[in-house]
Structure formats: C-alpha cells, structure tokens
Amino acid sequence: MYLGDRLQMTFMENKKMLDYIKAVLENVPIDWLNLTTHRLDIYEEKLAKTEFLEQFESLFDANNADASALKELRTAYDYIRLGHPLSCVLEWLIARTNKLSAENVISFSSKTTPILAILRTNLLANKKTQIVYNGELPECFDVEIVKRIYGYEFNLVPVEKIGEIPKYDGSTIFIVQQKANYEFELTSDIDFLISLDADYGSVLLVNGEKNENYISDIQHVRRRETIAMTPANCLAALQIATGQSGKRNQNKNVETNKAIVLDSIASITGTNTKALVGSSG
C-alpha cells in the first residue's frame, strides 16, 4: 500500500471515529455526568473498564450512538476516583488516535499525580528517571518539595523539540502542555508522555510493551490519591477534541468559587496560612 493510500485510510478511520464520538456526545446519558458511584445491576468490578469498552466498541462498529444503547452499557469503574464512562471514552479516543491500547491511557484530575506515580514506582524499583519538557516546567510541579518530601530523585532535561530527547538508562517522562489536543508523536525514547491541560487535568500515555507493568501501579495511585478527570471536564475535553468549540468556558465560575472556599477556610480557622484544597474521590 502506498503512503498516500495509508494516510487516506488513517484520515477516513479518524473521521469515522470523531463523527461517532460527536454523535455519542449528543446523546450522553445523564448518569454519565451525574452518577459518581456504580449501578450494581450493570456492574462487575473485575471487568469494569474492559467490559464497558468492549460493548462501546461494538456500538462503534455498528455506528450506534442511540441514547438507549449508551444507557445500557455496563458501568465503567466505581466512583470517579477509579474512572467512569466519559473518562473511558476519552481514554479510548486518545488510545485509538495514538495506536495504543486503551489500558495504556489514564486520565487524571490532578496534573502532578501521574508524575509522582511513575517516580514512586521507580523509587521502589531503584530505577532512574529523567523528566523531559519543552518550554517551562508546570508551575504546580515544585521540584524542591517533591525531592525533599518524597525523596524522589530525577533529572530535569529541557528540550526545544522532541528529536532532542536524549537516550537514557532508565525511564523517560515527556511533559507537554496543550489544550485538549490528543494526537502525539510517541518515539521509542519516550516511556511515558504526560499531557497537561490547565483547565481539565492531565492524561498519561504509557508507551511500549516494556512499560505496561507500570499500569497497575499508576492506577493504584490514582485510586488512592486522586480522581480521574471529572465527568464534566472529560465531556468538555471530548467536545473540543472533536472540533466543538466554545465549551472550554463552561466552568467560568470555578475560580470565583475556589476563592470563596479559600476565604471561608481562612475565616473559620482564623489563620493566614494558605490552604490547599483537593479531592481523593
């Protein structure tokens, strides 16, 4: 097959996928946005994400995005800390776009936890880590605190472009900061790619069979320390990823509400200490 034919086939496959996701978003069951636990009548814990995506792919193959069909899909995980239908759909879309298994894509509400999860596993395995980034490190990642509090060791490597990533005897984490654009250049020099979105959280891609043993450890950290990207944010990210603009500002009151919460904490406690507010599901 010629290169032009392959590119055309890829274009058609991606168009079919994006058109289907658009149709799904028009018919999203209300439970996918509002239900934060699982329905026991359509849930089996050991098969949660797997079973959901198997049935979702069957609907995709049949081009069936009817609301009634989506509503009957098996529950994907229990509680949003473990994942939920929309996080699974987002991870599925990113995985297919980047020729990965859906298991290799994990979304987070947090922007720092995916980095910490990999550093944790490597500390226990006595394995070295380099963190490669373009531009500036994310403000939320305080290098001094991470090293001092957690005892994690890693090298920081700034690069101008992906081709400058040095080969490394250990794990390479590549951090990118972009807005709901989930098509990446995954080279063999990248073990983990972490895409940060200032508004929505982060997505971690586990690259290569040699790194798939990290997946359960990373899922464990998400389960215990934070939550998946929230249903509302997954919905917005999917809308933007499929070319539906104007959705990013739907949570325009978030910063105002955060300021009210922090002011209330200071007033109630009678302190000037800066509060940190987070969620573990």
Side-chain angles (χ1 to χ4, degrees), residues 13-14 17 20-21 24 32 38 42-61 73-111 113-122 124-125 127 171-176 180 182-188 190-197 200-231 233-234 237-238 241 281:
E13 289 173 351
N14 286 344
M17 179 173 62
Y20 180 71
I21 294 298
V24 168
W32 286 21
H38 52 287
I42 54 171
Y43 176 74
E44 184 175 350
E45 184 173 6
K46 291 188 295 185
L47 300 175
K49 181 178 179 179
T50 302
E51 198 168 43
F52 173 86
L53 284 181
E54 285 176 351
Q55 295 182 2
F56 182 80
E57 285 203 335
S58 294
L59 292 182
F60 168 68
D61 291 338
L73 288 176
R74 304 289 281 187
T75 294
Y77 284 9
D78 60 334
Y79 310 104
I80 59 174
R81 63 191 175 93
L82 295 176
H84 48 84
L86 284 168
S87 71
C88 289
V89 172
L90 177 64
E91 291 163 5
W92 177 84
L93 173 64
I94 296 169
R96 287 184 67 102
T97 301
N98 294 279
K99 312 302 182 190
L100 294 173
S101 165
E103 295 295 326
N104 291 50
V105 181
I106 307 168
S107 68
F108 291 82
S109 183
S110 166
K111 292 184 281 292
T113 301
I115 306 172
L116 299 178
I118 298 165
L119 291 173
R120 172 184 178 273
T121 298
N122 280 356
L124 296 174
K127 187 175 182 179
S171 295
T172 295
I173 302 172
F174 185 48
I175 298 176
V176 297
Y182 297 120
E183 187 170 1
F184 305 106
E185 183 181 354
L186 283 171
T187 70
S188 58
I190 298 172
D191 295 299
F192 306 96
L193 186 146
I194 300 175
S195 175
L196 307 182
D197 187 295
Y200 299 152
S202 61
V203 176
L204 185 153
L205 282 68
V206 178
N207 188 33
E209 186 177 344
K210 66 177 181 178
N211 296 309
E212 290 180 354
N213 60 304
Y214 281 80
I215 293 173
S216 61
D217 287 345
I218 294 168
Q219 291 280 18
H220 174 79
V221 172
R222 184 175 77 169
R223 178 182 299 118
R224 297 301 179 191
E225 305 297 337
T226 185
I227 59 175
M229 189 182 292
T230 65
N233 285 348
C234 284
L238 284 164

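Here the structure is a predicted model, which is why all the values come from computation and not from measurement.
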message = Rounded at 0.5 Å granularity, tell me how far OG in Ser202 sits from CG in Asp197.
response = 9.5 Å
key: Gap separating the OG atom of Ser87 from the CZ atom of Phe108, nearest 0.5 angstrom   = 11.0 Å
note = Ser101 meets the side chain to side chain contact (heavy atoms under 4.5 Å, CB included) criterion, sequence neighbours left out, with Glu103, Asn104
message = Between Ile118 and Ile194, does the side chain to side chain contact (heavy atoms under 4.5 Å, CB included) criterion hold? Intermediate values first, please.
response = CA-CA 11 Å; Ile118 298 165; Ile194 300 175; 4.3 Å; yes
request  = Kindly write out the residues that satisfy side chain to side chain contact (heavy atoms under 4.5 Å, CB included) with Glu209, not counting sequence neighbours, or none if the list is empty.
outcome  = Glu212
Side-chain heavy-atom pair Arg222, Ile227 within 4.5 angstrom cut-off = no
note = Applying ring pair (Phe, Tyr, Trp, His ring centres under 6.0 Å) to Trp32 and not counting sequence neighbours gives Phe52
query = Are any of the side-chain nitrogens in Asp191 or Lys210 under 4.0 Å away from the carboxylate oxygens of its partner?
reply = yes
key: Donor-acceptor pair between Glu91 and Ser107 side chains, under 3.5 angstrom   = yes
ask   = Just how far is it from atom CG of Asn207 to atom OG1 of Thr187, taken to the nearest 0.5 Å?
value = 7.5 Å
inquiry  = Contact between Ile115 and Ile175 at the side-chain level, heavy atoms closer than 4.5 Å - yes or no?
reply    = yes
message = Less than 4.5 Å apart, side chain to side chain, heavy atoms only: is that true for Met229 and His84?
response = no
task = State, with a plain yes or no, whether a side-chain heavy atom of Leu238 is found less than 4.5 Å away from one of Ile21.
result = yes
ask   = So do Ile106 and Val203 actually touch side chain to side chain, heavy atoms under 4.5 Å?
value = no
inquiry  = Once side chain to side chain contact (heavy atoms under 4.5 Å, CB included) is applied, do any residues pair with Glu54, and if so which ones, sequence neighbours excluded?
reply    = Thr50
query = Rounded to the nearest 0.5 Å, how far apart are OG of Ser171 and CG of Asn211?
reply = 6.0 Å
ask   = Is the shortest heavy-atom distance from the side chain of Leu204 to the side chain of Leu193 under 4.5 Å?
value = no
key: Verdict with reasoning, Phe184 to Leu205, per side chain to side chain contact (heavy atoms under 4.5 Å, CB included)   = CA-CA 10 Å; Phe184 305 106; Leu205 282 68; 3.6 Å; yes
request  = Return the minimal non-hydrogen interatomic distance between Pro231 and Leu86, and the atom names on each side.
outcome  = O-CD1, 3.6 Å
key: Counterpart residues, side chain to side chain donor-acceptor pair (under 3.5 Å), relative to Tyr20 (two or more places apart)   = none
ask   = Distance from His220 atom NE2 to Thr121 atom OG1, nearest 0.5 Å?
value = 9.5 Å
task = Could you tell me which residues satisfy side chain to side chain donor-acceptor pair (under 3.5 Å) with Thr113, sequence neighbours excluded, listed by chain and number?
result = Ser110
key: Separation of Leu53 CG from Glu51 CD (nearest 0.5 Å)   = 10.5 Å
key: Side chain proximity check, Thr97 to Tyr182, heavy atoms < 4.5 angstrom   = no
query = Who passes salt bridge (charged side-chain N to carboxylate O under 4.0 Å, His left out) against Arg96, sequence neighbours left out?
reply = Glu57
task = With the side chain counted from C-beta on, respond yes when Val176 and Leu196 share a heavy-atom pair under 4.5 Å apart, and no when they do not.
result = no
message = Going by the rule ring pair (Phe, Tyr, Trp, His ring centres under 6.0 Å), which residues pair with Phe192 if we only count those two or more places apart in sequence or in a different chain?
response = Tyr214
